[in-house]
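Here the structure is laid out as structure tokens; the discussion comes afterwards.
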Number of protein chains: 2
Amino acid sequence: MAEKLDRLLISLDQLIRIRNETSHAILSECGVPDITVKQITYLKTIDEQGEVTFTRLAEITRNSKPTITELINRFENMECVYRERCPHDGRVLYIRLTDKGRRIARADNYALSRLIERMMETLDEDDIDVLVTLLRKVW
Amino acid sequence: MAEKLDRLLISLDQLIRIRNETSHAILSECGVPDITVKQITYLKTIDEQGEVTFTRLAEITRNSKPTITELINRFENMECVYRERCPHDGRVLYIRLTDKGRRIARADNYALSRLIERMMETLDEDDIDVLVTLLRKVW
DNA sequence: TATTATTAGGGAAAACCTAACTAACTACAG
DNA sequence: CTGTAGTTAGTTAGGTTTTCCCTAATAATA
């Protein structure tokens with residue numbers, strides 16, 4: 001039994017490792033190897049909000065507005081976001097993700113998708129049914 | 001088929017999420033919520049090396065020796081490492097992990113173990129056999 | 001003399017802040 | 001209806017702390 005557990009551990013470790021490596025590979029592809037965890041978190045927040053202004057992002061993240069200005073300037077230099085003026089109110093700016101910014105924000109999801117593509121190459125439909133059933137049993 | 005894929009995606013996402021959350025929980029337990037990714041990487045390197053001196057760690061990580069001194073001072077304040085003088089050569093110091101440092105270095109592994117414990121609560125031996133067989137098919 | 005680690009004294013970048021400012025919108029007094 | 005006074009959105013200026021890196025010089029040991 002201990003041996004079985006060990007094999008399960010190795011298999012799951014492999015699964016998670018592949019996902020992580022793919023995730024890092026995506027960040028490398030994007031040319032941002034030194035991006036910080038905080039920056040990725042901010043990009044994810046912007047992505048989740050969809051349409052977000054400076055004031056709103058400051059509220060959500062509990063930062064001052066100048067902090068957000070500085071953050072967005074950095075992201076703009078990294079070509080991860082751009083500013084779009086609101087047509088109805090000239091004071092307001094929307095923070096928009098570029099393709100690159102979105103790829104970074106969703107790197108984890110893309111990595112998981114790639115992992116699943118890889119599973120599809122070796123597993124048939126019945127296998128997947130069994131796998132899903134087993135995994136759903138757990139949570 | 002697309003629906004099945006989607007369920008697989010959700011299940012695997014859940015698996016990885018639980019692992020990540022457990023990992024973060026372990027870091028919180030250790031009282032180091034603001035630890036950086038680089039610091040964790042250094043602790044992992046120290047853990048993997050087993051017996052490592054300042055000069056050696058500087059070589060491995062391609063840093064200067066003062067950088068390592070500074071790093072280790074920080075880790076010592078965080079109670080993650082301690083210095084141990086080499087009995088054969090008074091110039092040499094070994095960098096040793098404390099329990100806390102080791103827990104942080106291995107947080108990912110512990111998280112995976114806890115995940116597997118959790119799976120054991122719901123899956124029987126046959127289930128695990130099937131799961132392992134399926135996962136091993138993929139890689 | 002050579003080697004190990006430390007100290008002293010730098011620098012850059014991220015991630016935060018307050019105070020003061022500009023531009024643009026809103027409301028209401030005349 | 002218009003002018004102005006006040007409000008709001010974002011920026012600029014100037015500051016701090018922390019991490020993470022460096023070179024040069026030094027102390028202790030081999």
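Proteins come first, then strands; the chains are lettered A, B, ... in the order of their sequence lines, and each starts at number 1.
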Which residue in the set I95(A), V81(A), L71(A) passes side chain to side chain contact (heavy atoms under 4.5 Å, CB included) when paired with Y42(A)? L71(A)
Rounded to the nearest angstrom, tell me the gap between atom NZ in K38(B) and atom P in dT18(D). 19 Å
For T67(B), answer base if it contacts any base atom (sugar-phosphate contacts may also be present), sugar-phosphate if it contacts only those atoms, and nothing otherwise; contact means non-hydrogen atoms under 4.0 Å. base
Return the value, rounded to whole Å, for the distance between atom CG of N63(B) and atom C1' of dT19(D). 12 Å
Charged N-O contact under 4.0 Å between D13(B) and R17(B): yes
Is there a donor in the side chain of N73(A) and an acceptor in the side chain of R83(A), or the other way round, less than 3.5 Å apart? yes
Can you give one letter per nucleotide of nucleotides 6-15 of chain D, going 5' to 3': B for a protein heavy atom under 4.0 Å from the base, S for sugar-phosphate only, - for none? --BBBBB---
Taking 4.0 angstrom as the limit, do R56(A) and E59(A) come out as a salt bridge? yes
Would you say T36(B) places a side-chain N or O within less than 4.0 Å of OP1 or OP2 belonging to dT19(D)? no
Pair R102(A) + E48(A), salt bridge at N-O below 4.0 Å: no
Both H88(A) and Y42(A) contact DNA chain C. Which one's nearest nucleotide lies toward the 5' end? Y42(A)
Positional range of nucleotides in DNA chain C within the contact set of chain A, heavy-atom, under 4.0 Å: dA14(C) to dC25(C)
Test question: given the 4.5 Å side-chain rule for I, L, V, M, F, W and Y, name all other residues clustered with I26(A), or answer none. Y110(A)
Over how many whole Å does the gap from Q39(B) atom CD to dT19(D) atom P extend? 6 Å
Any Lys/Arg nitrogen of K44(B) or D47(B) sitting under 4.0 Å from an Asp/Glu carboxylate oxygen of the other? no
Test side-chain contact (heavy atoms from CB on, under 4.5 Å) on V32(B) and M78(B); report intermediate values, then the result. CA-CA 8 Å; V32(B) 286; M78(B) 295 161 74; 4.1 Å; yes
